[in-house]
Amino acid sequence: MVGRNDSCPCGSGKKYKKCCESKETITIEEVQIEELERILQTFYDEYPERKDLSDFSELVKTWSEPLKHYLDQEMIEAIVMDEFFFHHKKEIWEGYLEKQRKKVVRPSTLRVLEQWDGPRVFIGEVAEVEDTYMTVTDILTEEIIQLRRESEKPVPVGMHVYCFILPDGTFIENQYLAISSLVFFPTDHKELFVNFAKRFKSQNEQLVQEFVKENGIDLWRVLGENGYEGGEYTFFEAGVLQVAMDFLVKHNRAYNDLIEIVEDYLFEQQPNARKEVAIAAGAIRFGQETGLFEPLEMTVKEISEAFNVSTTSLNKYYHDLVLYYERTK
C-alpha cells in the first residue's frame, strides 16, 4: 500500500498525498492516457503552422483531383493532413514531440513519448473485437496488433481499417492507438484490399511506408470507384436504413431513435437477409412496438404488405431486433 508521504506511483515526482491520493477513483493508467490524448489533440490544434500551409494546400490539391468525385472535401483534407504530417513533413511531428518532451514532468509519460518518434500507417483487417481493443491483421505485412477502440460502437469482424498508429502507452507489446480517427471500410471493398496487398508483395524491396506514400492515393481512388463515399455501411446495410427512413418520413414519423438501434444491429449482427425490405419491415414493427416513434396504427399484416414481404420474414427480423435490443440496452 502506498503511504501518503511516499512518492506517487504515477511517476510525477510528487508525494502521493499531494498528487493522486485525492483521485482514488481515477487510475494511474487513466491519468496517463488522458495526458497522451491531450498531447495528440494539441498537435492537431496547433499544426500545420502558417509557414506550412502552402505545402499542405498543394498536397490537398494533388489528392482532391482524383478523389473529389467520391469523397467530400472535409474528408479528403483529413486524410491528407495525416499524409502531410507523417509521410511528407515528418519534421513537423518530430519538432513538436521534442517540445513536449521538455514540458512533460511525469517520467512514465516521457517513456511513452520516447517511443513515439515514428508514427506509421496501418491498413488492416479486423479479426477479433473485445471491449477495449480490436485484434487487427496488417494486410501488407501480416503483423497482428491490438488496436485500441475509440468508442463502444460495434465493429464487425472482416472490416478493414486505415489509420496512423503509435504505441498506446501501456508498454505491452503490440498494443497501439490511432493518432487520429480510425477509418472503417465495409466488407463490400474486401477484394480491393486483397489486390492492394498483392501489389505490395509483388514489389519485395519496397518498405511499407514508402509503398503507401506512393500508392495510397490510388487505393482511395479505387475505393471511390467501387462506391465508397466515406460511410461504414455495406451497400446492403445502407439500403436497409434508407428504406426504413423513407417509410417513416412518408408517414411523418421521427426515425432517429429507431435508426440508431438498427444501425448497431446491422453493424454487429451482420444479418444474412436476401432482401433489404425484410429487415426494414421488421424494424418498423420493432420501432412501433417499443415506442421509438408515434404509433402508425398499422397491423403486422399491413406493414408486411406495405413492404411487399411475408409476415414470416418480417417477424424473423422483428424478433432478432427484440433479442438484440434486450441484450444491449
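Start at 1 with the first residue, then count along the sequence. On a predicted model such as this, the values are computed, not experimentally measured, just so you know.
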Between the side chains of [X] and [Y], is a donor N or O closer than 3.5 angstrom to an acceptor N or O?
| X | Y | value |
| --- | --- | --- |
| Thr137 | Glu143 | no |
| Tyr133 | Gln175 | yes |
| Tyr318 | Glu289 | yes |
| Gln41 | Asp45 | yes |

In plain terms, say whether [X] and [Y] are close enough for a salt bridge, that is, a side-chain N and a carboxylate O under 4.0 Å apart.
| X | Y | value |
| --- | --- | --- |
| Lys250 | Asp246 | no |
| Glu94 | Lys99 | no |
| Asp117 | Lys90 | no |
| Glu65 | Lys61 | no |
| Glu83 | Lys213 | no |
| Lys190 | Glu125 | yes |
| Glu74 | Lys68 | no |
| Glu98 | Arg101 | yes |
| Lys89 | Asp52 | no |
| Glu142 | Lys201 | yes |

Verify, without hydrogens or angle tests, whether [X] (side chain) and [Y] (backbone) share a donor-acceptor contact under 3.5 angstrom.
| X | Y | value |
| --- | --- | --- |
| Trp116 | Pro167 | yes |
| Asn215 | Asp218 | no |
| Gln288 | Met298 | yes |
| Thr141 | Asp138 | no |

* **Partner set under side chain to side chain donor-acceptor pair (under 3.5 Å) for Tyr228, not counting sequence neighbours** => none
* To do: Could you list the residues that satisfy side chain to side chain donor-acceptor pair (under 3.5 Å) with Thr42, not counting sequence neighbours?
  => none
* Residues two or more places apart in sequence or in another chain: which of them pass side chain to side chain contact (heavy atoms under 4.5 Å, CB included) with Pro156? -> Met159, Phe267, Gln270
If we only count heavy atoms from C-beta on, is the [X] to [Y] side-chain gap below 4.5 Å?
| X | Y | result |
| --- | --- | --- |
| Tyr325 | Tyr265 | no |
| Thr135 | Ile145 | no |
| Ile284 | Leu248 | yes |
| Gln209 | Val121 | yes |
| Val60 | Gln73 | yes |
| Asn315 | Arg285 | yes |
| Glu225 | Tyr70 | yes |
| Arg106 | Leu110 | no |

What heavy-atom pair brings [X] and [Y] nearest, and what distance separates the two atoms?
| X | Y | value |
| --- | --- | --- |
| Val155 | Val129 | O-CG2, 3.2 Å |
| Thr62 | Ile217 | O-CD1, 3.6 Å |
| Leu71 | Glu229 | CD2-C, 3.8 Å |
| Leu166 | Gly118 | CD2-C, 4.3 Å |
| Ile139 | Ala197 | O-CB, 3.2 Å |
| Met81 | Phe56 | CA-CE1, 3.6 Å |

Report the distance from atom [atom1] of [X] to atom [atom2] of [Y], rounding to the nearest 0.5 Å.
| X | Y | atom1 | atom2 | result |
| --- | --- | --- | --- | --- |
| Leu97 | Glu114 | CG | CD | 9.5 Å |
| Ile261 | Leu266 | CD1 | CG | 12.0 Å |
| His87 | Leu59 | NE2 | CG | 11.0 Å |
| Gln146 | Asn174 | CD | CG | 8.0 Å |
| Asp82 | His88 | CG | NE2 | 11.5 Å |
| Arg199 | Leu140 | CZ | CG | 11.0 Å |

Taking the six-membered ring for Trp and the full ring for Phe, Tyr or His, determine whether the centres of [X] and [Y] are under 6.0 Å apart.
| X | Y | result |
| --- | --- | --- |
| Phe84 | Trp63 | no |
| Phe247 | Tyr255 | no |
| Phe43 | Phe85 | yes |

* **Whether Phe86 and Phe164 hold their rings parallel, tilted or perpendicular, with breakpoints at 30° and 60°** => tilted
Determine, using the 4.5 Å side-chain heavy-atom cutoff (strictly less than), whether [X] and [Y] are members of one ILVMFWY cluster.
| X | Y | answer |
| --- | --- | --- |
| Val243 | Val249 | yes |
| Leu314 | Leu323 | no |
| Leu36 | Tyr44 | yes |

* To do: Cation-pi check, Arg253 to Phe293: give yes when NZ or CZ is under 6.0 Å from the six-membered ring centre and within 45° of the ring axis, no otherwise.
  => no
* **Six-ring centre of Phe171, Arg111 cation under 6.0 angstrom, axis tolerance 45°** => yes
* Asked: Would Arg148 and Glu37 count as a salt bridge (Lys or Arg N to Asp or Glu O under 4.0 Å) if you check the C-alpha gap in whole Å, the side-chain angles of each, and the deciding distance to 0.1 Å?
  -> CA-CA 13 Å; Arg148 187 188 297 165; Glu37 290 289 350; 3.8 Å; yes
* Kindly indicate, with the supporting measurements, whether the criterion ring-ring contact (aromatic ring centres under 6.0 Å, His included) is fulfilled by Phe211 and Phe196. => CA-CA 10 Å; Phe211 177 78; Phe196 191 68; 5.1 Å; yes
* **Candidate pair Ser313 and Ser310, rule side chain to side chain donor-acceptor pair (under 3.5 Å), full reasoning** => CA-CA 5 Å; Ser313 293; Ser310 69; 3.1 Å; yes
* Asked: Please walk me through it: do Ile165 and Leu177 pass side chain to side chain contact (heavy atoms under 4.5 Å, CB included)?
  -> CA-CA 6 Å; Ile165 61 173; Leu177 56 77; over 6 Å; no
* **Leu223, Ile123, Leu182 screened by side chain to side chain contact (heavy atoms under 4.5 Å, CB included) with Tyr162, the one that passes** => Ile123
* Asked: Going through the checks in order, is the side chain to side chain contact (heavy atoms under 4.5 Å, CB included) test met by Phe185 and Leu192?
  -> CA-CA 11 Å; Phe185 302 91; Leu192 302 182; over 6 Å; no
